[in-house]
Amino acid sequence: MSAPPLLAIDNLSIGYAAADGMRVVVHQVSLTLDRGERLGIVGESGCGKSTLALALLGFVRRGGQRLGGTVRLDGADIFRLPPDAVQRLRGRRIALVPQNAGQALSPGMPVGDQIAEVLQTHLGWSRQVARSHASHWLARVELPDPPALLRRFPHELSGGQQQRVAIAMALAAEPALVVLDEPTTGLDATTQQQVLALLGELVAASGTALVVVSHDLGVIARCSDRMAVMYAGEVVEHGATDATLTVPRHPYTRGLLASVPQLASAGIPATLPGMPPVPARLRPAGCAFAPRCAWADAQCRTTAPAPGGGGGTVVRCHHWRRAGAAGAAVVTAPPRPIAPSGATPHLSLCGVTVSYARPGVLDWFRAPRQPTARPAVSDVTLALAPGTTLALVGESGSGKSTLARTIAGLERASAGTLHSLDDDLSLPVHRRPHELRRRIQLIFQNPDAALNPRHPVATILARPLRVFHRLSAADIRRRSVALLEQMRLGEEYLGRLPGQLSGGEKQRVAIARAFIVEPAIVLCDEVVSALDVSVQAAVLQLLIELQQRHRVSYLFIAHDLAVVRAIADTVAVLYRGHVCELGSAAQVFTPPFHPYTASLLQAARLAPGAPGAGPPAVDTGRGCPFVDRCPRRIEPLCGQQPPPWRTTAPGHRIRCHLPPEQLDQTGMPPHADWRST
């Protein structure tokens with residue numbers, strides 16, 4: 001007799017109250033998960049993935065209700081357990097890594113105390129032992145200097161570091177089941193590789209089961225044995241991950257795969273037409289995907305498809321045999337238009353240095369030999385031409401967001417000059433002229449921190465229009481609706497609060513707010529990291545269209561190197577606040593590479609031998625900043641002298657002691673994306 005599954009979801013349905021009744025967001029989902037097994041859940045934003053993930057912990061958001069079905073962990077129905085039993089279950093037997101790490105961490109507690117609290121509560125350990133174990137887990141998720149990090153507060157960490165702390169907190173008590181909702185969003189390539197490797201080790205060592213919710217199909221390919229594809233609240237395809245990604249049998253799955261950007265080639269990928277349906281009180285008579293499906297016929301529009309398939313795959317489609325026979329869903333991305341050049345730069349940075357350390361009165365009396373804090377950004381010189389995209393890439397904590405915030409006037413440069421045309425950007429934002437504030441807009445990495453939770457979307461979009469354009473109410477509504485539709489959101493979203501939106505929908509509202517005032521420069525800090533692949537492709541296409549139409553310039557920060565390849569004209573690679581490589585996208589993504597750039601590309605395709613993530617605790621300030629992790633360092637030269645800039649081709653510069661002919665000459669493989677794994 002076979003052992004019962006660890007997790008069993010049977011016919012689960014969840015709805016949310018609305019003016020016209022209960023709207024169904026999860027519809028009759030049935031899945032099982034064995035001990036040590038890994039299940040991936042994918043789908044577009046708003047398809048019910050996060051609602052299903054939270055239901056596995058017996059939680060439904062306010063206004064929601066379980067309409068039917070069961071969720072059983074070790075045979076016990078979580079929704080029928082008393083509240084105190086559910087509380088004991090969460091964190092010990094089942095743990096959650098939420099989509100927004102910043103909201104999961106208490107702002108008033110050091111991160112070490114927060115991890116230790118889990119161990120004290122669920123395992124009964126003393127505070128001292130728990131804090132020691134917390135330091136161990138911070139090291140396992142590749143965070144630098146764990147003893148010092150234990151004392152830091154969440155606001156003192158970058159977004160990627162906050163995400164790793166949340167992962168460490170969930171894994172600390174070694175639960176039987178871990179639910180990860182977008183666990184790698186905001187993580188750079190090398191850190192993502194380390195986190196995925198850690199999850200694999202945990203499964204192998206302790207038999208912990210994983211449910212991974214992600215829009216990143218590469219992550220799903222690397223960390224799941226089976227995957228479920230959700231659309232309009234129901235599972236439309238379910239099977240082995242390798243088989244589903246290689247030969248998708250549902251047209252929706254094929255469309256998602258075709259929307260994935262390619263690391264090996266430039267160009268914006270294809271996108272699915274239309275939008276997912278808004279959750280409704282009544283399910284459509286036929287297939288929910290029929291309005292967006294190129295193969296839909298009369299049967300699809302009138303009759304709901306029954307589960308079909310074979311070979312371990314279950315698919316809800318009348319034409320699944322036809323879709324499976326079509327083979328892999330690969331769409332060649334069209335090349336990007338050639339960006340304009342030769343004009344005066346929209347943005348100029350010369351020798352910019354930013355340090356968060358501010359000397360106090362006592363600093364004047366301290367010994368001069370005492371080391372000073374390492375600058376977050378050091379001696380950066382860059383230029384952004386009109387109508388072009390300059391991408392900043394590098395690991396979390398390399399200074400990318402700090403540089404964007406300094407340009408926006410939210411941080412102050414301690415050295416160097418910043419200009420936008422004739423305007424001085426060294427002034428803080430509140431002292432800048434009205435027109436300059438309109439011309440430069442910043443899209444924050446975390447939309448929850450940027451959107452007022454008490455204001456509906458209509459108010460969020462209307463405020464910048466009133467401040468900068470003084471439009472009438474009718475014109476404000478017209479422009480708001482038009483921009484929401486470009487973001488693949490409808491007019492009905494105007495009345496919704498941020499708390500009623502999914503993570504991807506919040507990000508699109510934040511993007512719309514930045515573009516609604518028609519800026520000249522947009523600082524995009526991980527603007528597509530929370531978007532599913534189809535919406536990501538649509539937003540990238542929209543960014544290109546706006547750039548072509550209005551010659552708007554982008555400073556584009558991203559950890560996804562395939563997205564950078566798709567949209568960037570110029571790429572600057574940052575490490576510890578230093579620019580170590582600069583050139584066109586084609587030059588940076590083809591050899592020769594700086595050793596650090598090569599490590600990022602290795603990690604992006606999970607190649608062996610990529611250096612571990614995270615700088616050490618002490619930086620002497622001498623020599624090359626990458627020396628401690630460089631596999632090709634020259635002793636003692638690299639540790640003692642700053643590396644020189646070397647020109648490998650017109651417009652392409654690498655800062656390294658190695659001569660160009662000795663730099664990494666390894667080219668990218670023919671298909672350097674998730675398919676190659």
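Residue numbers start at 1 and run along the sequence shown. As a basis for the values below, the full set of heavy atoms in this structure was taken, side chains included, without hydrogen atoms, waters or symmetry mates.
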Q.
Can a donor-acceptor pair be found, under 3.5 Å and without considering hydrogens, that links the side chain of Gln120 to the backbone of Ser126?
A. no

(Q) Quick test of your reading of the model: are Arg131 and Asp113 salt-bridged, counting only N-O distances below 4.0 Å? (A) yes

**Q.** Donor on one side chain, acceptor on other, Glu581 and Thr597, under 3.5 Å
**A.** yes

**Q.** Name of the residue among Leu7, Leu57, Leu6 meeting side-chain contact (heavy atoms from CB on, under 4.5 Å) with Ile94
**A.** Leu57

Q. Can you check whether Asp379's main-chain N or O pairs, donor with acceptor, with Thr353's side chain at less than 3.5 Å?
A. yes

Q) Does a donor on one side chain and an acceptor on the other come within less than 3.5 Å for Ser45 and Asp532? A) no

Q: Ignoring hydrogens and angles, state whether a donor on the side chain of Asp216 or Ser214 is under 3.5 Å from an acceptor on the partner side chain.
A: no

Q: State whether the side chain of Gln114 and the backbone N or O of Ser106 hold a donor-acceptor pair below 3.5 Å, judged by distance alone.
A: yes

Q: Can you sort out the partners of Phe444 under ring pair (Phe, Tyr, Trp, His ring centres under 6.0 Å), two or more places apart, ordered by chain and number?
A: none

Q. Would you call Arg72 and Asp10 a salt bridge, taking side-chain N to carboxylate O under 4.0 Å as the test?
A. no

Q: May I ask you to say whether Glu395 pairs ionically with Arg629, meaning some side-chain N is under 4.0 Å from a carboxylate O?
A: yes

Q) With no hydrogens and no angle check, is any side-chain donor or acceptor of Gln507 less than 3.5 Å from a backbone partner on Glu526? A) yes

Q: Check ring pair (Phe, Tyr, Trp, His ring centres under 6.0 Å) between His136 and all other residues, then give those that pass, not counting sequence neighbours.
A: His133

**Q.** Which residues share a side-chain contact (heavy atoms from CB on, under 4.5 Å) with Pro98, sequence neighbours left out
**A.** Leu96, Ala104

(Q) Between Arg576 and Asp628, does any side-chain N to carboxylate O distance fall below 4.0 Å? (A) yes

Q) Do the charged groups of Arg140 and Glu201 touch, with an N to O distance under 4.0 Å? A) yes

Q) Do the side chain of Ser398 and the main chain of Gly577 share a donor and acceptor less than 3.5 angstrom apart? A) no

**Q.** Any residue meeting side-chain hydrogen bond (donor to acceptor under 3.5 Å, both in side chains) with Asp560, in chain and number order, not counting sequence neighbours
**A.** none

Q) For Ser534 and Glu44, does a side-chain donor sit closer than 3.5 Å to a side-chain acceptor? A) yes

Q: Output, in order, the C-alpha distance, side-chain angles, deciding distance and verdict of side-chain hydrogen bond (donor to acceptor under 3.5 Å, both in side chains) for Ser355 and Ser414.
A: CA-CA 7 Å; Ser355 177; Ser414 53; 5.6 Å; no

**Q.** Under the side-chain hydrogen bond (donor to acceptor under 3.5 Å, both in side chains) test, residues paired with Arg35 that sit two or more places apart
**A.** Asp74

Q: Identify, with sequence neighbours excluded, every residue that meets side-chain hydrogen bond (donor to acceptor under 3.5 Å, both in side chains) alongside Gln536.
A: none

